[in-house]
Amino acid sequence: MSPHIFLVAVEESGDLLGGALIAALKAATDGGVRVSGVGGAQMAAQGLASLYPLGDLAIIGFASIPARLPSIVRRIRETADAVIAARPDVLVIIDSPDFTHRVARRVRARAPHIPIVDYVCPSVWAWRPGRAKAMRAYTDRVLALLPFEPEALHRLEGPPGTYVGHPLLEQLGVLRPNPTEATRRLADPPLLLVLPGSRSGELRRMAAIFGAAVGEVAKRAGPLEVVVPAVPGLAAAVRSAVAAWPVPARVVTDRTEKQAAFRHARAALTKSGTSTLELALAGIPMVAAYKVSLLEEAVARAMIKLSTVILANLVLGEEVVPEFLQRDATAGRLAAALLPLLADSPERRRQTAAFARLDGIMGLGQGAPSARAAAAVLELCRGR
């Protein structure tokens, strides 16, 4: 019989992973797989009929949870009930642990025979390490996107982890320049990528500071071509924010336009997060910054025990990308760190040399991450 996989993804990033995973599952089984669950547009394009629209389910920041708790709890209950009624061969929860892990706990308590795969390792290596051991009660396998995560899970007595690779590895062909495009990186005016964030809270905190920093850079370095990628749902807010910047900026929402900007960019100013790894894999030197609310800062300082929060630095194992957090994230400091990256400077050369090591560190050439994830899921199906 065809394997039945139930998938749960409640944020755009999880939906992208879920869509690629379903496509890989279909390819590995010649279309002989059934899928159901919760997802967005990418998963729907692969044939999944979501139990409900994702809407505003994304849980962003500690402070945003209480006001939305009743609706979140209701959706958690509905999702767990649907999993148990469907009796799938495997449940795959994708990222968003505040939501998906609560679903997994309910399913394990009431239907312990259903194997559960967690696609995307929670950041137990950064904060709340005790979560790793707790996950063993309701997670049979973790599919890790970062190469150091399986060892971290083992050290923290968590469930077994398998490194399948980051989905960005499947996009290198559109993120890296060909020889002609590489010349644009060195041409004037330099193209500067600015990524203030893909969530409204990030945009609210970062946009004005980033705009002021770009203005300072332009005063000292001369004309710039500034490109600001934006997710479609936030495009109007991004355009409104950059309209107040002292330097004109082009907002792009189309994926191909964003990818072209990555291939042409000489440097970038970005918020911390996955974007730092995306830029590093594209070979673009950068400066990273981040601001959160005072409540979130207090929690983070008490719980996060890392010397850097920049994903590219964590994967590289060294602090290559300069980071400016909270009160250190000022326009003057960001501009001073950005300026050397526009020239053939030691700072620029250090970053590009480090980024060149990422292919080996991340296992490029060992198979598409989505295919490796699909193989791990199907292995659990066979084990049943």
Side-chain angles (χ1 to χ4, degrees), residues 1-54 57 75-97 99-121 135 138-145 159-167 169-170 366-384:
M1 293 180 63
S2 300
H4 179 197
I5 314 299
F6 197 108
L7 305 99
V8 180
V10 296
E11 290 191 76
E12 182 182 0
S13 56
D15 179 49
L16 287 168
L17 283 169
L21 176 58
I22 295 171
L25 287 166
K26 289 159 70 174
T29 60
D30 293 324
V33 64
R34 292 187 296 133
V35 295
S36 56
V38 178
Q42 297 301 314
M43 294 166 73
Q46 293 297 329
L48 183 136
S50 183
L51 290 173
Y52 46 81
L54 297 190
L57 256 185
R75 290 303 195 191
I76 289 170
R77 187 184 308 115
E78 289 174 2
T79 306
D81 289 346
V83 175
I84 293 161
R87 300 175 62 189
D89 293 297
V90 175
L91 166 62
V92 180
I93 57 173
I94 307 176
D95 208 0
S96 310
F99 186 97
T100 60
H101 284 220
R102 286 171 170 81
V103 171
R105 287 192 192 99
R106 287 172 176 262
V107 171
R108 180 50 50 92
R110 294 168 55 195
H113 61 282
I114 299 176
I116 300 176
V117 173
D118 189 0
Y119 191 9
V120 182
C121 180
M135 287 170 59
Y138 58 86
T139 305
D140 299 293
R141 173 72 56 177
V142 176
L143 305 183
L145 306 190
T162 299
Y163 173 59
V164 297
H166 200 283
L169 295 177
E170 298 186 51
Q366 296 178 15
S370 57
R372 294 165 69 180
V377 171
L378 292 172
E379 182 181 1
L380 268 181
C381 286
R382 289 190 289 271
R384 288 196 71 194

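Computed from heavy atoms alone, side chains included, the values below leave out hydrogens, waters and symmetry copies. Quick caveat, the model's predicted, so the values are computed rather than measured. Residues: numbered from 1 along the sequence shown.
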Listed by chain and number, what are the side-chain hydrogen bond (donor to acceptor under 3.5 Å, both in side chains) partners of [X], not counting sequence neighbours?
X: Ser370; result: Glu170
X: Ser50; result: none
X: Arg110; result: Asp81
X: Arg106; result: none

Out of curiosity, [X] [atom1] to [Y] [atom2], how far, rounded to the nearest 0.5 Å?
X: Phe99; Y: Thr79; atom1: CZ; atom2: OG1; result: 4.0 Å
X: Leu143; Y: Ile94; atom1: CG; atom2: CD1; result: 9.5 Å
X: Ile5; Y: Ile22; atom1: CD1; atom2: CD1; result: 10.0 Å
X: Thr29; Y: Leu378; atom1: OG1; atom2: CG; result: 6.5 Å
X: His113; Y: Ile84; atom1: NE2; atom2: CD1; result: 9.0 Å
X: Ile116; Y: Arg141; atom1: CD1; atom2: CZ; result: 14.0 Å

With sequence neighbours excluded, residues passing side chain to side chain contact (heavy atoms under 4.5 Å, CB included) with [X]:
X: Glu12; result: Val231
X: Leu169; result: Tyr163, Leu172, Leu281, Met362, Leu364, Pro369
X: Ala374; result: Leu21, Ala24, Leu25
X: Ala82; result: Phe6, Leu51

Counterpart residues, salt bridge (charged side-chain N to carboxylate O under 4.0 Å, His left out), relative to Arg34 (two or more places apart):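 In terms of salt bridge (charged side-chain N to carboxylate O under 4.0 Å, His left out), with neighbours along the sequence ignored, Arg34 is linked to no residue.
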Asp140: salt bridge (charged side-chain N to carboxylate O under 4.0 Å, His left out) partners, not counting sequence neighbours: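 Arg108.
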Write down the atom of [X], the atom of [Y], and the distance for their closest heavy-atom approach.
X: Leu145; Y: Pro167; answer: CD1-CD, 4.0 Å
X: Cys381; Y: Asp89; answer: SG-CB, 3.9 Å
X: Asp15; Y: Gly40; answer: OD1-N, 2.9 Å
X: Pro159; Y: Thr139; answer: CB-O, 3.6 Å
X: Ile93; Y: Ala104; answer: CD1-CB, 4.0 Å
X: Ser36; Y: His4; answer: OG-NE2, 2.7 Å

Salt bridge (Lys or Arg N to Asp or Glu O under 4.0 Å) between Arg382 and Glu379, intermediate numbers included: CA-CA 5 Å; Arg382 289 190 289 271; Glu379 182 181 1; 5.7 Å; no
